[in-house]
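See below for the structure under consideration.
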Amino acid sequence: MNDPLFSSPLADGFRMPAEFEPHRGCWMLWPVRPDNWREQALPAQRAFTAVAHAIAQFEPVTVGVTPSRFVEARRALEPRIRVVRLESDDAWLRDVGPTCVVGSDGTVRGVDWHFNAWGGLEDGLYVSWDRDELVARRVLAEEGLERYRAPFVCEGGAIHTDGEGTLLVTEECLLNRNRNPNLERRQIETLLKAYTGTSKIIWLGCGVFNDETDGHIDNLACFVAPGEVALLWCEDSSDPQSIISHDAFERLSDARDARGRRFKIHRIPMPGPLKRTDSEAAGLVPHPGTNPRRGGERLAASYINFYIANGGVVVPLLDPRLDGRVLAQLQQVFKTRRVVGVSTREILLGGGNIHCITQQIPRSL
């Protein structure tokens, strides 16, 4: 088998499995940045803890923690959750961690994307991101997995696969000049296929309105089974999300997956719209070079930002008017899994949600 540092998953017969395939476990990071997580990150830590405990009902969970905060994390988390010392710049493991691929013999490897904090020096959300750039290789070392180093900028939240050759992405994110300004669409498609082992890429347009990741797919749409997609839906024609969701629906309706199937589309209602309050913004400690947070800002809230675990689905609870309806709807979508809700507004305030702070490691076959 080829040395992964000088090859690609596609060349070696590896593929990115779907999230609904079996996992060895899940990784997360511990939030600490006071410029992104209010009140010295204490409310966010409680929300991260609740997510970790919910996932741990279904599969093993490992949390990477900055060494100076190891003791506080170890005390907060249940004993069954593994806690390891791991430096990072923030807590978005989906984007800075590895995207795993599996070979035909069941071998698991990881793809280490280049990361530039969602936009680099001009548009990125913080500087520096040097420690985040090292997270993927450290997670893979901890798991004992070999590493592919992708030669372009990408994030785990920017891609979603059915495990059968189809990849969902958005133009807003992956064609943004703040990621790979020297690459055109055709070149990006070629690289995505090479490093995910997919053969068909379906491009949606924009991501969720006001998503500071430049429209990650995992906040808008995701595969819930082969040939089935969950899509954030907005009926209010006066809301800017409505045209985005309707455009995505039309593109998905016109598309076929890698095996020629039409998609069954589950429309999941949008919470809110939700906005950051003045008091929530006041709890942050501003820092030069980071994305400022202000009261009144619209939050990119989405129920699609859930995590599919072994035998379960952990879903963000965001809007009391809709939470129960959405949980019931997703339980019908995931009939063989137990759907669990966790209150995650504090994670949303930081710029993402449950899917953004988690990353699965596939189980070896």
Side-chain angles (χ1 to χ4, degrees), residues 1-29 52 55-56 58-64 80-82 84 86 88 92-115 132-152 154-168 191-199 218 222-223 225-226 258 307-314 337 355-365:
M1 190 173 290
N2 296 330
D3 184 335
L5 289 181
F6 300 98
S7 186
S8 71
L10 182 63
D12 293 343
F14 280 69
R15 66 177 179 91
M16 180 182 170
E19 191 170 319
F20 46 77
E21 294 183 52
H23 301 172
R24 176 195 299 189
C26 174
W27 272 77
M28 299 174 62
L29 293 169
I55 295 173
F58 305 104
E59 64 191 40
V61 176
T62 300
V63 178
R80 63 178 166 173
I81 293 174
R82 181 171 60 145
V84 300
L86 178 61
S88 63
W92 306 107
L93 200 282
R94 177 66 53 177
D95 293 344
V96 303
T99 296
C100 286
V101 291
V102 296
S104 57
D105 63 353
T107 301
V108 178
R109 289 177 172 176
V111 177
D112 178 5
W113 311 104
H114 279 280
F115 177 74
D132 278 347
E133 263 280 73
L134 298 175
V135 167
R137 69 189 67 183
R138 290 174 176 169
V139 169
L140 292 170
E142 188 74 28
E143 292 286 335
L145 302 177
E146 292 186 293
R147 176 175 69 99
Y148 291 100
R149 180 58 162 165
F152 66 112
C154 186
E155 303 98 33
I159 56 177
H160 215 284
T161 185
D162 63 354
E164 297 186 353
T166 313
L167 198 70
L168 271 181
L191 286 168
L192 286 171
K193 290 176 180 178
Y195 283 87
T196 63
T198 51
S199 59
D218 69 347
C222 71
F223 288 106
Y307 179 79
I308 306 173
N310 293 335
V313 183
V314 182
R337 301 175 194 261
H355 198 258
C356 305
I357 66 170
T358 54
Q359 181 61 274
Q360 68 276 5
I361 306 294
R363 182 184 301 163
S364 300
L365 300 178

Stepwise, does the side chain to side chain contact (heavy atoms under 4.5 Å, CB included) test hold for Ile357 with Leu93? CA-CA 5 Å; Ile357 66 170; Leu93 200 282; 5.9 Å; no
Under the side chain to side chain contact (heavy atoms under 4.5 Å, CB included) criterion, do Ile159 and Cys154 qualify, and how do the steps go? CA-CA 9 Å; Ile159 56 177; Cys154 186; 4.1 Å; yes
For the pair Thr358 and Glu19, evaluate side chain to side chain contact (heavy atoms under 4.5 Å, CB included) and give the outcome as yes or no after the intermediate values. CA-CA 11 Å; Thr358 54; Glu19 191 170 319; 5.8 Å; no
Take Asp95 and Asp132, measure what side chain to side chain contact (heavy atoms under 4.5 Å, CB included) needs, and give me the verdict at the end. CA-CA 9 Å; Asp95 293 344; Asp132 278 347; over 6 Å; no
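Checked for salt-bridge contact, Arg82 and Glu143 meet the test: a charged N lies under 4.0 Å from a carboxylate O. A salt bridge is absent between Arg363 and Glu59: the closest approach of a Lys/Arg side-chain nitrogen to an acidic carboxylate oxygen does not fall below 4.0 angstrom. Checked for salt-bridge contact, Glu133 and Arg149 meet the test: a charged N lies under 4.0 Å from a carboxylate O.
Not counting sequence neighbours, Phe20 has no partner by the ring-ring contact (aromatic ring centres under 6.0 Å, His included) test. Residues passing the ring-ring contact (aromatic ring centres under 6.0 Å, His included) test with Tyr307, sequence neighbours excluded: His23. Checked against ring-ring contact (aromatic ring centres under 6.0 Å, His included), Trp113 has the following partners two or more places apart in sequence or in another chain: Phe152.
The two atoms that bring His160 and Cys222 nearest to each other are NE2-CB, 3.3 Å, heavy atoms only. Summarising the geometry of Thr161 relative to Phe223, their closest heavy-atom pair is C-CD1, 3.2 Å, with the distance given to 0.1 Å. Heavy atoms only, all atoms of each residue included: Leu192 and Thr198 are closest at O-OG1, 4.2 Å. The shortest non-hydrogen separation linking Pro98 to Gly110 is CB-CA, 4.4 Å. Contact detail for Tyr195 and Ser8: the closest heavy-atom pair is CZ-CB, 4.0 Å. Pairing each heavy atom of Tyr148 with each of Val101, the nearest pair is CE1-CG2, 4.1 Å.
Separating the CD atom in Gln360 from the CD1 atom in Ile55 is a distance of 10.0 Å, to the nearest 0.5 Å. Rounded to the nearest 0.5 Å, atoms CG (Asp162) and CE (Met16) are 10.0 Å apart. Taken to the nearest 0.5 Å, the SG atom of Cys356 stands 4.5 Å off from the CG atom of Asp218. In this structure, the separation between SG on Cys26 and CD on Gln359 is 8.0 Å, given to the nearest 0.5 Å. Asn310 CG to Phe58 CZ: the interatomic distance, rounded to the nearest 0.5 Å, is 9.5 Å. Separation of atoms CG (Leu10) and CZ (Arg15) is listed at 13.0 Å; rounding is to 0.5 Å.
When side chains are defined from C-beta on, Pro9 counts as touching Val111, because their heavy atoms get closer than 4.5 Å. Counting heavy atoms from C-beta outward, Arg109 and Asp12 have side chains that approach closer than 4.5 Å. Contact of the Val139 side chain with the Thr62 side chain is not registered, since no non-hydrogen atoms from C-beta on lie closer than 4.5 Å.
A donor-acceptor pair is defined here as one N or O able to donate and one able to accept, closer than 3.5 Å; no such pair exists between the side chain of Arg24 and the backbone of Ser364. When atom types are taken as modelled, the side chain of Thr166 and the backbone of Ala258 share a donor-acceptor pair closer than 3.5 angstrom. Judged purely by atom type and a 3.5 angstrom limit, Arg147 has no side-chain atom pairing as donor or acceptor with the backbone of Leu140.
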